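Just so you know, ligand 1 is whichever comes first in the structure, and atom 1 is the first atom listed for that ligand. Position 1 is the first residue of the sequence, and the numbers go up from there. Only a predicted model underlies this, so the values are computations on that prediction, with no experimental measurement involved.
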Amino acid sequence: MKKRKIFALLLCMLCVMNLTSCGKKSENTIVVGTNAEFPPFEYIDNNGDIAGFDVALMKAVGEEMGYKVKFSNMEFKSLLGAISTGGIDAAIAGMTITEDRLKSVDFSDPYFSANQCIILQSGNEEIKTLEDLNGKKISVQEGTTGDIMATPDEENEIITDKSTVVKRFKKGTDAVLELKNGGVDAVIIDSSPAQKFVAANGDTLKLIEIDPETAEPEDYGIAVAKGNEEMVLMLNEGLAKIKENGVYDELIEQYFGDAEIVTKETSDNWFVQQYYTFKYVFIETEGYRMLLDGLLVTLKISLLSVLFGVALGMLLALMKLTETRKKHKTFWSVLAGIYIDIVRGTPVVVQLLIMYMVVFKSQAPMVAAVVTFGMNSGAYVAEIIRAGILAVDNGQMEGGRSLGLTYGQTMRYIIIPQAVKNILPALCNEFIALIKETSIVGYVAIQDLTKASDFLISRTYETFMPLIVLAVIYYIIVKGLSKLFSAFERRLRKSDIR
Ligand code: GLN
């Protein structure tokens, strides 16, 4: 009966979450992948939503095609793979149409023309052309055409010096931060984001256009699965229509016109400077909203995972305990043993990636995360509960049984209530660990607290303040939780005296 209830509960939980999850395909919705780290083409706006020229363009094209468009934010280099596996229907990410990419995907007609640029520290007078980067340190966004341009290999005719160091980052902003911090000499990146990055960094950085004779301009296209001619036709039709009816030009004006840039006040006093930075990161650029949204996501994932974990842990513990009861290994105890062994023996980030990419096929990241953390935590909770139950004096079971209770009833009314008291501190530790562990969900494109602070770094190029505030928030949650648990434990202990 009990097991059935637990299963029913888990099932309900999954259903509810499925409804609220994102990335689900339906009849006239297409899921479009992007990498929201490439302003003004795609970025996260103040509301924590994916926005930008590409996003607006894709929505407009979708409208023409009679489709609703849903965006899925992922790493740039994962986009083509996600198209091939069917996780997304198309990708728009300022993606250059290249011969190499055409081997694995098809593209719409070009919708934008761009070139690569070099970003340098303002004082750098030594580097003037792409050739000058030979033997230097260059940072790029991984898997982009900038990456190809910087990497000295057989096909590269300009950067030929093998001692050239290429540092690859998941985001263009991280590549720029590396330059700001002096870790590299230059960044190679597409012109429009380069202009945004330089503008956002005051006088510290400058931009050099690469001579078109050295590197040809690039065309951006919308990528779709190889052979999906129907989709290519629809996209091209949609693109042609929005060019005709003026929507395209409006979008160009909106996203490439002169945007107002909020600048930060500066001071020579370190403390005053930190105060200004705090104001700039969280209030003037409305970073607090992103952080609050992220906090809610972290709490939601943690809470649901804990519930799932405890239910599963209890089940696994009971399965393992059949061994103690029968005094020999049973099918259930072996099964639970194998499960616990595997879960404890592999990193949770790997479990999360398998769950999201393989089991959930890059859909419903929230559900994938809750299932992963619930399953992971379940293994640890099982051992905690089992130890707690075994620590209850054997006489208690004998007492219960001699009163005429069944094994199950004795467990439920006598043993487990006592065990709970013993395991509370260990369970509390497990929950705390779980909350902190959820900070890896950014891997599967969930905007939790950690990811929110990451976005703030990308937007403001400030590292210290977003990270310190992030640490403080986690600390407060954990502290609050331990206080709650201690209070609960004290209440339970009170009944001991009576
Ligand atoms: N246009 C470049 C490319 O296709 C960079 C795109 C991006 O970083 N989003 O590789």
*Which atoms from ligand 1 have a heavy atom of Asp190 less than 4.0 Å away?*
1 (N), 2 (C), 5 (C)

*Is any NZ, NE, NH1 or NH2 atom of the basic residue among Glu64 and Lys59 found under 4.0 Å from an Asp or Glu carboxylate oxygen of the other?*
no

*Below 3.5 angstrom, do we get any N/O pair linking Gln141 and ligand 1?*
yes

_Residue Thr144 vicinity, atoms of ligand 1 by number, heavy atom under 4.0 Å_ = 5 (C), 8 (O), 10 (O)

*Which atoms of ligand 1 have any heavy atom of Thr145 under 4.0 Å away?*
1 (N), 2 (C), 3 (C), 10 (O)

*Polar-atom distance check: Phe76 versus ligand 1, any N or O pair below 3.5 Å?*
no

*Thinking salt bridges, do Glu142 and Lys171 make one under a 4.0 Å N-O criterion?*
no

*Is any side-chain N of the basic residue among Glu265 and Lys279 closer than 4.0 Å to the acidic one's carboxylate O?*
yes

_Regarding ligand 1, does Thr96 bring an N or O atom to under 3.5 Å of one of the ligand's N or O atoms?_
yes

*Identify, by atom number and element, the atoms of ligand 1 in contact range of Ala93, meaning under 4.0 Å from any of its heavy atoms.*
6 (C), 7 (C), 9 (N)

*Looking only at N/O atoms, are Gly94 and ligand 1 under 3.5 Å apart anywhere?*
yes

_Determine whether the aromatic ring centres of residues Phe112 and Phe256 are separated by less than 6.0 angstrom._
yes

*State whether the side chain of Arg101 and the backbone N or O of Thr96 hold a donor-acceptor pair below 3.5 Å, judged by distance alone.*
yes

